[in-house]
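Everything below concerns the one structure shown next.
Chain naming here is simple, since letters A, B, ... match the order of the sequence lines and numbering starts at 1 in each. Keep in mind that what you see is a predicted model, and the values were worked out from it rather than measured. Below, all heavy atoms of this structure are taken into account, side chains as well, without hydrogens, waters or symmetry copies.
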2 protein chains.
Amino acid sequence: MKPTQKHTIHDIAMRIGTSASTVSAALNGTWKARRIKEETAQRIIALAREMGYSVNLQARGLRTARSGLVGLILPEHSNRFFSDLSQSFTVEARARSQCPVIIATARKPEEELSTVRDLMGYSIDALFVAGAADPSQISDICRAAQLPHVFIDQPCPGAPSVITDNETGARQLTEAIIDTLAPHSPALEGTGREKVYLLGGDARLHASSRRIAGFQSAITAHFGKCDADQVIACGYEPEVAQTEIQALYARLGGLPAGLFANSINVFEEVLRFLSQRPEIELGAFSLGCFDYEPYGALLRLPVHMVRQRHLELVRTAWELLDKPGSTDLVTVPPELCLARPRRLPPEG
Amino acid sequence: MKPTQKHTIHDIAMRIGTSASTVSAALNGTWKARRIKEETAQRIIALAREMGYSVNLQARGLRTARSGLVGLILPEHSNRFFSDLSQSFTVEARARSQCPVIIATARKPEEELSTVRDLMGYSIDALFVAGAADPSQISDICRAAQLPHVFIDQPCPGAPSVITDNETGARQLTEAIIDTLAPHSPALEGTGREKVYLLGGDARLHASSRRIAGFQSAITAHFGKCDADQVIACGYEPEVAQTEIQALYARLGGLPAGLFANSINVFEEVLRFLSQRPEIELGAFSLGCFDYEPYGALLRLPVHMVRQRHLELVRTAWELLDKPGSTDLVTVPPELCLARPRRLPPEG
DNA sequence: TTGAAAGCGCTAACAG
DNA sequence: CTGTTAGCGCTTTCAA
């Protein structure tokens with residue numbers, strides 16, 4: 001109960017009357033292989049516990065050229081998806097008796113690189129990279145240092161990557177939006193208000209382009225065509241999204257039949273806009289979000305959501321690491337979270 | 001551009017034609033103090049960069065008995081407050097050129113302790129503990145190992161702690177709820193529906209008890225008294241909170257004039273309940289939440305919120321660490337996030 | 001202005 | 001079954 005000073009294996013060796021290497025073996029579990037007498041091992045272990053001894057992992061790491069640390073870099077902590085990832089990563093790391101080191105790099109390429117270098121200085125055993133701004137440079141550095149690494153969410157050409165199946169997810173989400181469309185109203189025909197729109201995202205990015213493809217395929221399957229104006233890939237900036245939703249509303253002279261919000265930020269802006277509209281308008285509006293936010297389920301307006309399977313992503317990433325040399329791009333289907341049906345029609 | 005193998009200061013020393021100690025000094029910044037010729041230092045630095053060299057921090061740490069790592073343990077990542085804390089902690093750590101190691105311990109005391117021991121094995125330079133389930137044991141271990149540590153959010157007697165000023169925050173939140181109460185309706189007098197209630201939390205916990213005190217003081221100041229039944233400290237379990245809100249509604253025969261949700265979980269249950277009520281009932285309902293959730297501002301119902309100042313908490317914690325031996329309990333006032341006034345009366 | 005040498009605490013041959 | 005020895009890569013006296 002009072003491990004006042006830092007003890008070393010030598011202290012223990014001395015008190016037991018044995019050598020440091022025996023103590024080391026007893027304490028790190030290799031004693032069976034080293035044919036240490038069971039009783040000796042137990043005595044050592046018992047004393048160590050009594051003294052409150054704990055190994056110096058820096059020393060061990062220096063000697064073994066490993067560290068027991070596994071890194072995860074991600075853009076930010078304050079984001080549901082990434083904090084879910086952190087959670088899963090922590091659980092999986094500990095299950096493998098590794099110590100997770102999670103660092104947010106603010107979507108800045110330079111910060112990503114310097115963080116990677118930092119982590120390499122600590123001899124981390126592996127690096128996970130989620131949502132990287134600059135995947136290939138990171139991969140270059142890791143490869144040069146022979147550091148096993150894997151990308152999550154944002155893939156890297158030539159390096160093992162695991163991402164969500166954006167196209168399938170988008171198709172399913174679009175179908176759900178279509179399924180909850182209000183009954184067809186001839187009055188709206190030709191106004192553009194009878195259509196479903198996709199808002200947000202950057203068509204040049206891998207993820208967005210797949211989502212757009214999924215959206216278009218579902219729309220075409222159901223309506224026979226998908227007009228160019230139904231895809232508003234205006235990026236991820238909240239201000240821009242807000243402007244666009246307002247513009248769309250003005251152009252159509254009201255809400256469209258349905259909307260596919262292509263990211264949590266965009267969704268937030270849509271809600272902000274909707275919170276200013278009279279409830280009556282929402283009655284015939286079908287909304288979906290490609291991202292997950294539990295509060296979405298608490299709105300009075302039903303919202304379909306797509307949720308990335310963070311645990312699956314992390315587990316798959318670890319598996320990719322286990323078969324070295326792989327440059328696979330693995331895809332994990334997301335989870336579709338359907339809104340419960342509307343309970344309270346606007347007329348109360 | 002191709003740092004293929006791991007280099008050491010000896011490699012550099014050899015190629016420059018100098019000694020390892022000179023290289024070491026040149027690279028770690030002590031070269032001025034060691035009176036190394038500027039030109040030598042620069043040549044070393046240039047070559048190191050060219051070779052893509054990076055120090056082995058485990059070796060440095062072993063030698064110096066430090067590590068450059070600072071730990072933060074917290075209950076979970078998937079929680080707005082804690083992920084905000086992680087974010088601030090990361091920024092502050094990097095500003096001090098330390099490497100943040102953030103680990104979630106699932107509110108399990110054993111996991112907290114084993115994580116602390118793990119981290120101590122890596123010779124972390126300091127430990128931050130947020131929302132600990134078992135503060136005093138953690139503090140004991142740290143003190144025994146002479147590891148500087150500080151508690152955030154959940155204080156520890158006898159150890160430096162920084163927490164939010166719960167009483168003031170609760171008083172302000174209650175006042176905000178009172179300020180937005182619907183005009184007094186004589187019909188409700190005596191039914192209990194004219195009162196404001198506090199729901200959730202555990203009166204035995206430090207934080208809850210301060211919040212209850214703040215609530216009662218604001219209520220008493222305004223109404224002249226605060227009945228015992230106005231405080232429903234039913235814990236943090238969502239199921240229980242859901243039951244309680246339903247029971248309250250049944251008992252009063254409708255929504256009360258106002259409600260103080262004493263945690264994010266409880267708030268979520270309140271919203272879940274409200275999402276099932278017709279909008280017309282919400283017109284005369286005043287809601288506040290002691291916690292912050294950005295989606296709260298996107299609801300059609302105005303919600304007042306109290307937000308802990310995560311950056312302030314982290315900064316203050318770091319300051320406490322800088323004046324060693326302190327066992328202060330420092331309090332940081334929270335931020336009151338007032339709902340914008342109701343824009344859309346129920347009649348649309 | 002610099003180099004040599006010792007050693008941080010541990011592990012892993014290699015001898016016994 | 002166990003002890004001795006030789007480092008892992010770095011920092012830090014101490015001498016020169």
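- If you take CG of B/N56 and C1' of D/dT11, they are 13 Å apart, rounded to a whole angstrom.
- Contacts between residues 60-70 of chain A and DNA chain D, defined by a heavy-atom separation below 4.0 Å, involve A/L62, A/R63, listed by number.
- For the pair B/K32 NZ and C/dT2 C1', the computed distance is 18 Å after rounding to whole Å.
- If you check every strand for non-hydrogen atoms under 4.0 Å, B/T30 touches nothing.
- For the OP1/OP2 pair of C/dT1 and a distance below 4.0 Å, the side-chain nitrogens and oxygens of B/T40 include no atom meeting the criterion.
- Relative orientation of the B/H77 and A/H77 rings is parallel, given thresholds of 30° and 60° on the angle between their planes.
- Between A/I9 atom CD1 and D/dG3 atom C1' the separation is 13 Å, expressed in whole Å.
- The nearest whole Å value for the distance from the CD1 atom in B/I12 to the C1' atom in C/dG3 is 17 Å.
- Across all their heavy atoms, B/D125 and B/S67 have their closest contact at OD1-N, 3.1 Å.
- Atom CG in A/L57 sits roughly 18 Å away from atom P in C/dC8 (whole-Å rounding).
- A salt bridge links A/E39 and A/R43; the closest N-O separation between the charged side-chain nitrogens and carboxylate oxygens is under 4.0 Å.
- Residue B/S19 places at least one side-chain N or O under 4.0 Å from the OP1 or OP2 atom of C/dG3.
- OP1 or OP2 of D/dG3 lies within a sub-4.0 Å distance of a side-chain N or O belonging to A/T22.
- Dashed line: the shortest gap from a side-chain N or O of A/N28 to OP1 or OP2 of C/dT11 is under 4.0 Å.
- Within 3.5 Å, a donor on the side chain of B/S21 pairs with an acceptor on the base of C/dA4, or the reverse.
- The CZ atom of B/R35 sits 16 Å away from the P atom of C/dG3 (whole-angstrom rounding).
- Look at CD on B/Q58: it is 13 Å from C1' on C/dT11, rounded to the nearest Å.
- The residue B/T8 sits close only to the backbone: its heavy atoms come under 4.0 Å of sugar-phosphate atoms, none of a base.
- Going from atom CZ of A/R34 over to atom P of C/dG16 covers 15 Å, rounded to whole Å.
- The side chain to side chain contact (heavy atoms under 4.5 Å, CB included) test with B/L119 singles out one residue from B/L72, B/V70, B/I73, B/L69, and that residue is B/I73.
- Atom CZ of B/R96 is surrounded by more than 12 heavy atoms from other residues, nucleotides or ligands within 6.0 Å.
- Nearest to the side chain of A/S24, among C/dT2, C/dT11, D/dT2, sits C/dT11.
- Closest heavy-atom contact between B/G131 and B/Q154: CA-CB, 3.7 Å.
- Atom CD1 of A/I141 is separated from atom CG of A/L113 by 4.5 Å, given to the nearest 0.5 angstrom.
- When all heavy atoms of B/H149 and B/L147 are compared, the closest pair comes out as ND1-O, 2.9 Å.
- Contact check, B/Y53 against D/dG9: no side-chain N or O comes under 4.0 Å of OP1 or OP2.
- Both B/I36 and A/S54 lie near DNA chain C, and the one whose nearest nucleotide falls closer to the 5' end is B/I36.
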